[in-house]
Number of protein chains: 4
Amino acid sequence: MPPGQPKWRRRKEARPAEIVAAALEVFAEKGFAAAKLDDIAARAGVSKGALYLYFETKHDLFTAVVRTSVAPNIEAVEEASRNLALPFATLARMLLTIAAERAATTQIGAVAKMVIAESGNFPDLARVWHEEVVGRALAAVVGVIERAQARGEVRPGDPRLHAFSMIGPLLLGVIWREVMAPAGAPPVDLRALAAQHIDTALTGMLAEGGRS
Amino acid sequence: MPPGQPKWRRRKEARPAEIVAAALEVFAEKGFAAAKLDDIAARAGVSKGALYLYFETKHDLFTAVVRTSVAPNIEAVEEASRNLALPFATLARMLLTIAAERAATTQIGAVAKMVIAESGNFPDLARVWHEEVVGRALAAVVGVIERAQARGEVRPGDPRLHAFSMIGPLLLGVIWREVMAPAGAPPVDLRALAAQHIDTALTGMLAEGGRS
Amino acid sequence: MPPGQPKWRRRKEARPAEIVAAALEVFAEKGFAAAKLDDIAARAGVSKGALYLYFETKHDLFTAVVRTSVAPNIEAVEEASRNLALPFATLARMLLTIAAERAATTQIGAVAKMVIAESGNFPDLARVWHEEVVGRALAAVVGVIERAQARGEVRPGDPRLHAFSMIGPLLLGVIWREVMAPAGAPPVDLRALAAQHIDTALTGMLAEGGRS
Amino acid sequence: MPPGQPKWRRRKEARPAEIVAAALEVFAEKGFAAAKLDDIAARAGVSKGALYLYFETKHDLFTAVVRTSVAPNIEAVEEASRNLALPFATLARMLLTIAAERAATTQIGAVAKMVIAESGNFPDLARVWHEEVVGRALAAVVGVIERAQARGEVRPGDPRLHAFSMIGPLLLGVIWREVMAPAGAPPVDLRALAAQHIDTALTGMLAEGGRS
DNA sequence: CATGAATGAGTGTTCATTCAT
DNA sequence: GATGAATGAACACTCATTCAT
């Protein structure tokens with residue numbers, strides 16, 4: 001046995017993350033209520049009791065899953081939106097590309113599905129999700145649009161509804177991947193969707209003079 | 001008691017519909033697993049046992065709720081899309097307006113939330129929802145777009161992705177109303193969203209020559 | 001099947017009492033925490049779920065057991081103590097005889113044991129037991145003693161401590177029967193104990209002139 | 001740090017006693033089943049695992065608590081009862097005074113409450129308690145009474161029941177302090193109770209000629 | 001048809017006990 | 001010796017489903 005490499009190390013620091021990862025899988029597959037702690041524990045490679053060393057209740061575990069999955073992603077959007085100097089077309093293309101990339105490569109779609117599903121049973125979670133995630137992301141996009149309107153780059157219109165026009169199709173794509181594709185629907189290429197949609201949205205939103 | 005038309009006679013025939021209506025409320029509020037048959041029965045004004053006179057299991061009741069809620073709506077979209085003679089701009093505006101109207105006045109948003117939430121636990125339902133609802137609606141829109149592209153009205157591009165561009169923001173609006181607004185987010189006017197978005201989408205999708 | 005004698009009658013009215021009786025047995029044997037609802041249900045001849053049709057929690061069932069067992073007994077003592085005209089010696093003899101009789105023929109000893117055991121975990125119960133049972137019984141006895149002291153029948157001294165002198169040995173007898181006797185100790189005849197003790201207590205308590 | 005007398009050395013030997021002391025507190029507050037080893041360990045200032053270095057099971061720890069708490073007290077009673085030369089009145093007064101003193105200043109009341117509560121679940125403990133504690137104490141008192149009866153000091157009557165008359169009120173006082181007082185009942189002064197009761201009991205028990 | 005009392009399998013949670021460190 | 005992370009059996013409580021009335 002090589003020294004410094006104990007066969008079985010106490011995992012106190014790694015465990016919570018492992019459990020959250022396992023829980024994300026199970027919650028995403030089954031939903032909150034249908035997810036069994038036995039399954040989560042088994043998938044995390046621990047006993048059921050061990051879950052309670054790190055999370056007080058199933059509720060708490062679910063909340064931790066959502067928070068953990070979301071925090072890193074929201075930063076990216078906000079940061080990109082702070083590139084005030086860029087023309088709107090460039091910035092918008094950048095934002096949607098980042099979003100599509102994240103949606104394609106992370107579990108954020110599954111988390112969104114969970115939040116949609118359980119918003120009624122987790123009022124706190126819905127509020128957090130609104131205040132810290134969707135609200136912030138939307139505010140960033142709305143801010144970008146408002147500034148572009150002020151500079152005459154984007155045509156008039158409610159900036160929040162413009163933001164919905166920009167983001168909505170991506171949400172549809174994510175839901176499609178999470179819900180329809182597993183049921184046999186032909187898959188959607190999120191990156192291609194983002195690329196084609198941003199062309200449409202930009203052409204539709206840019207003021208007359210701003211079009212090529 | 002007036003002979004021939006006792007009040008309870010009509011009840012008997014209306015029961016299944018009343019139960020489905022009550023179930024829709026409870027399922028929409030709580031989700032499938034958290035909905036209790038006691039609550040549904042109480043809200044329908046019948047005994048718990050009576051539910052089993054009309055539906056074999058909770059599963060069946062849920063399926064009936066989803067089917068009942070969608071069938072009438074899908075027809076409207078398909079019918080509108082058969083107006084082949086209309087210019088794309090007119091037809092597209094019509095389709096989105098109908099969709100927004102339905103979304104604003106029916107429970108279809110709540111049902112969509114339920115299907116999204118429970119797709120993992122109801123494979124059959126997800127397939128039915130795809131084959132009979134979303135698939136058909138999407139196919140109708142895609143057909144309209146393809147014909148418009150063939151006539152040179154709509155610029156090239158994957159017609160399905162174009163359809164996502166058209167419909168996506170409305171889904172976002174519905175999710176917003178069902179999930180974010182109850183958590184304190186400012187509400188969205190679905191009709192205004194549809195009106196502004198179709199302007200954007202049309203400008204973005206129409207071929208060069210087709211723009212005003 | 002004889003009419004009017006259904007093979008299996010709905011027991012809605014009889015059930016709670018049956019369950020409380022079964023619960024009393026099990027609680028008395030094992031104590032609150034060690035009593036299993038499965039056992040109680042089995043002994044009552046019902047399913048575990050049925051318990052919850054009548055009692056919200058195990059806690060509630062325990063409380064019901066205590067209340068039910070006590071109410072009838074306390075009346076007897078209070079009633080006897082209202083015989084103001086009787087000489088103290090007669091009344092005291094009567095009270096102890098009644099108490100011994102009740103202790104010998106009812107489950108009140110087992111209930112007392114339970115209350116003693118669980119007073120720390122059931123603050124409400126301990127308070128109820130004090131206010132409605134022990135307190136009232138003691139007050140009745142103290143009242144009798146005070147009146148007898150006023151009439152010069154009983155010698156001076158704190159009437160509450162005199163009451164302890166009268167009642168204490170009976171409690172010891174009950175505890176003995178519940179705790180020591182099952183462990184192999186020779187049994188005590190509660191009636192004989194009461195009879196001999198009241199002679200001692202009366203002789204000890206009566207004023208000089210009152211003794212034979 | 002002074003060499004040769006490190007502070008932790010004394011700890012090592014004191015550990016079992018510290019644990020038993022902590023366990024007594026927790027058992028007395030919560031009862032056996034509701035007492036958590038975590039609490040006991042925390043209160044003793046050791047880890048949960050450390051408990052198992054000194055006691056095999058929770059059962060054993062409970063047994064140790066009871067044994068430890070009673071042994072010293074029983075000696076006092078037996079020793080006092082060996083003063084054969086003293087008149088009964090003197091000896092009885094002495095015994096009750098000692099008992100009241102011990103009851104007022106030690107945890108013996110809490111232990112008695114525990115034994116009463118758990119006698120059903122700890123048959124061994126109930127037997128030990130009977131054979132080594134209550135039985136011995138009672139036998140000592142009974143012996144004193146029998147000798148006094150032989151000398152004509154105490155009137156006839158079952159000596160064991162006489163012993164119950166002497167001791168019972170003190171038990172009631174202890175139960176009162178442990179159970180009723182914490183629930184809001186007015187407290188009892190155990191020493192005053194013993195003093196007043198022994199007057200009563202002596203007057204009641206002494207043979208005609210023996211009274212002052 | 002309709003009721004609602006009764007069932008019992010299923011699950012979140014606790015906690016005495018173990019053992020690698 | 002001492003720790004405390006980990007275990008897993010045990011149990012209170014829920015609720016879809018049944019069926020005697």
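Chain naming here is simple, since letters A, B, ... match the order of the sequence lines and numbering starts at 1 in each.
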Q: Go nucleotide by nucleotide along DNA chain F from the 5' end; which of A/A50 and C/K58 gets its closest nucleotide reached first?
A: A/A50

Q: Can you identify which nucleotide, out of F/dA12, E/dA6, F/dT3, has its nearest atom closest to the D/S47 side chain?
A: F/dT3

Q: How is D/A35 classified with respect to the nucleic acid when contacts are heavy atoms under 4.0 Å: base, sugar-phosphate, or nothing?
A: sugar-phosphate

Q: Which of the following nucleotides, F/dA2, F/dA16, E/dG12, is nearest to the side chain of D/Y54?
A: F/dA2

Q: Which part of the nucleic acid, if any, lies within contact of B/K48, taking any heavy atom under 4.0 Å across all strands shown: a base, the sugar-phosphate backbone alone, or nothing?
A: base

Q: If you check the A/Y52 side chain, which of F/dA2, E/dT14, F/dT7 turns out closest?
A: E/dT14

Q: Do you know the tightest heavy-atom contact between A/F55 and A/P16?
A: CZ-O, 4.2 Å

Q: Is a donor on one side and an acceptor on the other found under 3.5 Å between the side chain of C/T68 and the backbone of C/V65?
A: no

Q: Over how many whole Å does the gap from D/H59 atom NE2 to E/dA16 atom P extend?
A: 13 Å

Q: Paired with E/dG4 by Watson-Crick or G-U wobble geometry, both distances under 3.5 Å: which nucleotide is it?
A: F/dC19

Q: Donor-acceptor check, side chain of D/K113 to backbone of C/A117, threshold 3.5 angstrom: yes or no?
A: no

Q: If you assign each of A/E56 and B/L53 to its closest nucleotide in DNA chain E, which residue comes earlier from the 5' end?
A: B/L53

Q: Looking at the side chain of D/T57, which of E/dT17, F/dT7, F/dA12 is the nearest nucleotide?
A: E/dT17

Q: Taking the side chain of D/V46 as its heavy atoms from C-beta onward, which of E/dG12, E/dT17, F/dT3 lies nearest to it?
A: F/dT3

Q: If I take atom CD1 in residue D/I40 and atom P in nucleotide E/dT17, what distance separates them, rounded to the nearest angstrom?
A: 11 Å

Q: For the pair A/K58 (side chain) and A/F32 (backbone), establish whether a donor and an acceptor sit closer than 3.5 Å, ignoring hydrogens and angles.
A: yes

Q: Just to verify, which of B/V115, B/V133, B/L61 counts as forming a side chain to side chain contact (heavy atoms under 4.5 Å, CB included) with B/V66?
A: B/V115

Q: For C/A34 and A/L51, take the nucleotide of DNA chain F holding the closest heavy atom to each; which residue's nucleotide lies nearer the 5' end?
A: A/L51

Q: Here's a test for you: under side-chain hydrogen bond (donor to acceptor under 3.5 Å, both in side chains), which of D/Q107, D/R43, D/K30 qualifies with D/E25?
A: D/R43

Q: Out of F/dA12, E/dT11, E/dT18, which has the shortest distance to the side chain of A/K36?
A: E/dT11

Q: When you match C/G45 and A/F32 each to their closest nucleotide on DNA chain E, which lands nearer the 5' end?
A: C/G45

Q: Give the rounded distance in Å between these two atoms: CG of D/L61 and C1' of E/dT17.
A: 14 Å

Q: Provide, to the nearest angstrom, the distance between the CZ atom belonging to C/F55 and the C1' atom belonging to F/dA12.
A: 16 Å

Q: Roughly how many Å is it from CG in A/D38 to P in E/dA9, rounded to a whole number?
A: 17 Å

Q: Rounded to whole angstrom units, what separation is found between the NZ atom of A/K30 and the P atom of E/dT11?
A: 10 Å

Q: Within the structure, does a side-chain N or O atom of B/R15 lie under 4.0 Å from either OP1 or OP2 of E/dC1?
A: no

Q: Roughly, in whole Å, what's the span from CG in B/D39 to P in F/dT14?
A: 14 Å

Q: Side chain of A/L37 only, please: which of F/dA2, E/dG12, F/dA6 is the nearest?
A: E/dG12

